[in-house]
Structure formats: structure tokens, C-alpha cells
Amino acid sequence: MTDPVTDRSELAGLRVDGDRLLRRLDELATIGPIDGGGSCRLALTDEDRDGRDLVVAWMHDLGLDVTVDAIGNVVGVRPGRTDGSPTMTGSHIDTVATGGRYDGNLGVLAGLEVIETLEAHGIETEHPVAVAFFTDEEGARFPPDMLGSLVYVGGLALEEALDVVGIDGAVVGDELDRIGYRGTSPCPGPAPRAFVELHVEQGPVLEAEGTTVGAVTGVQGISWTELSITGQSNHAGTTPMELRHDAGHVAAAVAVHARGIAARLNERAVADGSPDRQVATVGRLDLHPDLVNVVAGSATLTVDLRNTDEDLLREAEADLAAFVATIAAEEGVEVAERTLARFEPVAFDDRVVDVVADVATRLGHTVRRMPSGAGHDAQMLARVCPTGMVFVPSRDGISHNPAEHTDPDDLVAGADVLLQAILTLDGLTLDRTDPNP
Ligand code: HGY
Ligand code: MN
Ligand code: MN
């Protein structure tokens with residue numbers, strides 16, 4: 001251990017050990033590896049368990065006080081001069097099936113790196129510092145996304161979350177038991193005094209502008225709907241078109257219409273000079289019996305709608321619902337709708353956003369303020385404490401794809417901004433004001 005760093009000017013010069021961070025990212029990526037250098041660690045699978053075990057071992061190696069709560073969220077705390085709520089950082093280590101190695105993982109491992117840097121320099125912070133990974137941030141296996149952090153902040157009852165059934169029929173509570181991560185710490189968890197998350201942007205903005213750091217101002221609204229369509233399977237050759245009740249046709253028409261909703265809203269937004277953009281995605285589409293010569297008797301699809309503006313998101317949802325009702329009547333099929341996730345847009349705390357922007361500038365990085373297109377655990381922590389995020393660029397804006405990549409220098413720059421943001425927040429008095437009234 002080097003001589004303890006005490007005065008604030010020396011603290012300002014502190015930087016992470018970038019090689020150590022990069023080594024940990026590479027080591028975690030060896031768990032659930034997929035072609036192209038990415039990861040598949042769907043929530044609560046064996047791969048997720050193995051990733052959890054590795055990160056928990058690193059937390060213990062750092063001497064952190066590690067707790068696992070009843071939904072499997074894991075928090076490691078390093079004590080400060082005073083007791084009380086920690087300044088928390090973290091993210092998730094579960095991935096989508098075609099995940100990259102940085103989505104979520106960077107935020108957790110950079111948090112570990114921040115703590116190891118504090119430890120290595122003998123720095124005693126005023127407040128405890130915590131690093132967390134939250135269960136099932138992706139929501140790809142068990143919807144909604146951000147399930148663990150939502151329970152952590154009291155946005156979803158624990159019992160309801162434990163009963164969630166996944167796309168493979170597994171149940172959250174059973175899977176937590178199976179992998180040994182149904183902990184004993186109570187949910188909701190204790191609110192941190194502040195939360196700041198480092199994450200790759202997963203979009204094209206920073207790279208396109210040649211900017212290194214994003215000071216994230218908030219997260220757009222998210223609406224996930226599952227549509228279960230029941231028509232009538234029939235012979236593809238003998239059934240006249242006017243006699244069909246083709247679930248496959250309705251599913252495909254909904255997918256095309258969803259795209260049209262985004263096009264229409266965005267055309268209007270551009271004409272109005274509005275920055276709000278609509279996105280629409282049909283990510284899952286299953287037909288039954290899924291055979292070349294059978295009119296599909298049933299179909300299940302998901303529609304992911306997002307917008308930074310809540311009123312526009314509601315307009316998109318209403319448009320979709322109206323279209324579904326119309327085409328279901330025309331085709332003579334039944335459609336059951338199930339909401340898988342619904343989160344309004346979230347604004348982060350200006351004080352934390354300012355800290356991120358100021359620190360990035362002080363460290364000599366280019367920075368811009370921006371909303372997040374992706375959902376993040378930070379949007380849930382924003383319900384209970386002053387919260388912000390740090391973005392670093394994604395090459396070609398690609399994510400949820402093994403080709404996801406961020407230059408090592410940018411990864412390390414993000415971790416340095418996280419370190420200095422946490423030290424800055426440690427010195428602030430942060431009463432709880434609510435940016436999301
Ligand atoms: O869906 C999302 O935006 C996040 O990746 N869970
Ligand atoms: Mn993520
Ligand atoms: Mn993701």
C-alpha cells in the first residue's frame with residue numbers, strides 16, 4: 001500500500017489501474033462466452049451464477065461487507081469515516097443471449113476498481129462506498145427489465161417478482177434457489193445517499209461526435225407488450241384467403257405497423273423541431289405450428305416501444321392498441337395483451353449530472369449531456385436517491401451484439417470519471433430532492 005492520500009488536491013489526481021480493470025473485464029467475459037467475443041449469461045442461469053461467484057469472490061478479496069438480498073441483488077460495502085448510507089455505484093452482470101462484454105459488466109467492475117484504488121492508496125472516504133450488481137437487469141429471460149433494482153427500491157413487491165415466469169417457463173424464485181442466490185437481506189434494500197453508474201452508451205451519439213464521456217440526464221420511457229394471437233390453423237393450399245383466421249398474418253402486420261408508428265411520430269417530431277424520438281421493436285415472434293404449409297393457428301410477439309416523452313409514448317401505445325383491435329376484428333382472431341414492462345421517462349438529479357460533467361471536463365475529457373436510450377438500474381435508484389450515469393462510446397453504436405466494443409482508453413477514462421465522481425459526491429451534502437415528482 002502506498003502512503004495514504006489525504007488532501008483533496010491529491011485525491012483529484014487519483015486514477016484507476018486501467019490494466020487491472022481490463023483484466024477483470026476479460027476474465028468475466030470467459031464465463032458464458034459466445035462467438036465474436038461476447039457473453040451469454042441470461043439471468044439466473046448457471047452462467048449467471050458463475051459470473052456472480054467470480055464477482056463476489058473479488059468483493060471478498062477486497063474485504064467488502066457483502067450482502068445478498070431476497071431477489072439476489074449483491075452489494076459490497078467499504079466502510080467510511082462515518083457510518084450511514086453509502087455512495088453507491090454498480091450495474092448488472094446478466095446479459096442478453098447475444099450480449100457484449102461491456103453492457104453492465106463495465107459498471108460493476110469499474111466500481112470494484114474504484115474501491116480497489118481507494119484501498120491501494122489508503123483513502124478513507126467520509127461515507128461508505130458500495131458497489132452492487134442487480135438481478136435480471138436485462139429482463140430478456142424474466143421480464144420486466146431492471147427487475148432486481150426495481151424490487152430493491154420498492155417498485156415491485158418481492159413476492160410478485162419471485163413469481164415471475166420466464167420465457168422458458170422457469171420461475172424466478174425457483175431459479176434463485178437453484179443457483180444459490182436467494183439471499184437473506186430484506187427487500188426493499190437500504191437507500192444509498194447517492195448512486196452513479198458507469199455504462200457503455202450502446203448507441204451512436206458519442207462516437208459520432210468524437211466525444212468521450214456522456215453525462216446522462218435521464219432514461220427514456222419503456223413499454224413492453226406481449227401479444228398472444230389465437231386464430232385457426234388451416235391448410236395453406238386449400239383455404240381460400242377470405243376464410244382464413246391467420247395468426248401469422250396478424251403478427252406480421254403488427255410488426256410492420258409498429259415500425260410505421262415510429263416513422264410517423266418521428267416525421268412529426270422532425271417537422272416540429274422536437275428532440276423526442278420514437279423507437280419500436282418486435283424482438284420476439286413465434287408462430288404455431290410454425291410449418292411451411294399450415295396457416296398459423298396462433299402467434300406470440302413482443303412490441304418494445306420507447307420515447308423520451310411520456311405523452312408521445314402513450315400516443316404510440318394507443319396507436320398500437322387501436323391497430324391490433326382493428327386487424328383482429330378483420331381477420332377474426334383473438335388477441336390477448338400482457339404488459340411485460342412499463343416505466344415512464346426518468347430525469348437524473350442535476351447535482352449528480354453536474355458532478356459527472358464537471359469531473360469529466362476536469363480530467364480533460366470531452367463531455368456532453370444526453371438521455372439514455374437503454375434502460376438501466378440507475379433509473380430505478382433515481383426513485384430513492386440522487387442519481388446519475390457516466391457513458392463512454394460504443395463503436396458503431398452497437399450493443400446487445402457480441403461485436404459490442406469500446407476502446408480500452410475510453411473504458412479507463414470512464415472508470416476514472418467514476419472514481420472522481422464518487423470522491424466528489426463523498427464531499428457533498430446531499431439531501432434527498434426528487435427530480436421525478
Ligand atoms: O432493455 C434495455 O434497455 C436494457 O438493456 N435492459
Ligand atoms: Mn445494461
Ligand atoms: Mn442490456
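Values reported hereafter were calculated over all heavy atoms of this structure, with side chains retained and with hydrogens, waters and symmetry mates removed. In listed order, ligands and their atoms are each counted from 1. Since this is a predicted model, take the numbers as computed values, not measurements.
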So which protein N/O/S atoms does the Mn ion (ligand 3) have within less than 2.8 Å?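 The answer, once waters are left aside, is Asp103 OD2, Glu138 OE1, Glu138 OE2, His400 NE2.
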Please give the N or O to N or O pairs under 3.5 Å between ligand 1 and the protein, distances rounded to 0.1 Å.
residue	atom	partner	partner atom	Å
ligand 1	1 (O)	Asp145	OD2	3.1
ligand 1	1 (O)	Arg306	NH2	2.9
ligand 1	3 (O)	Arg306	NH1	2.7
ligand 1	3 (O)	Arg306	NH2	3.4
ligand 1	3 (O)	Gly375	N	2.7
ligand 1	5 (O)	Glu138	OE1	2.9
ligand 1	5 (O)	His400	NE2	3.3
ligand 1	6 (N)	Glu137	O	3.4
ligand 1	6 (N)	Glu137	OE1	3.3
ligand 1	6 (N)	Glu137	OE2	3.1
ligand 1	6 (N)	Glu138	OE1	3.3

With Cys187 via side-chain contact (heavy atoms from CB on, under 4.5 Å) - residues at least two apart: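 Residues passing side-chain contact (heavy atoms from CB on, under 4.5 Å) with Cys187: Asp69, Ala70, Ile71, Val151, Leu158.
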Donor-acceptor contact present, side-chain [X] to main-chain [Y], <3.5 Å:
X: Thr361; Y: Ala357; result: yes
X: Glu207; Y: Asp396; result: yes
X: Thr125; Y: Gly80; result: no
X: Asp309; Y: Asp311; result: yes

Candidate list Asp377, Asp145, Asp103, test side chain to side chain donor-acceptor pair (under 3.5 Å), partner His92, passing option: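 When Asp377, Asp145, Asp103 are each tested with His92, the side chain to side chain donor-acceptor pair (under 3.5 Å) holds only for Asp103.
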Can you run down the side-chain hydrogen bond (donor to acceptor under 3.5 Å, both in side chains) pairs that involve residues 53-67, sequence neighbours left out, and say none if there aren't any?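 Found Asp53-Tyr181.
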Does the pair Asp26 and Arg24 meet the rule for a salt bridge (charged side-chain N to carboxylate O under 4.0 Å, His left out), with working shown? CA-CA 5 Å; Asp26 288 345; Arg24 284 206 170 106; over 6 Å; no
Taking side chain to side chain contact (heavy atoms under 4.5 Å, CB included) as the criterion, tell me which of Leu381, Val219, Thr217, Val356 meets it with Phe348. Val219
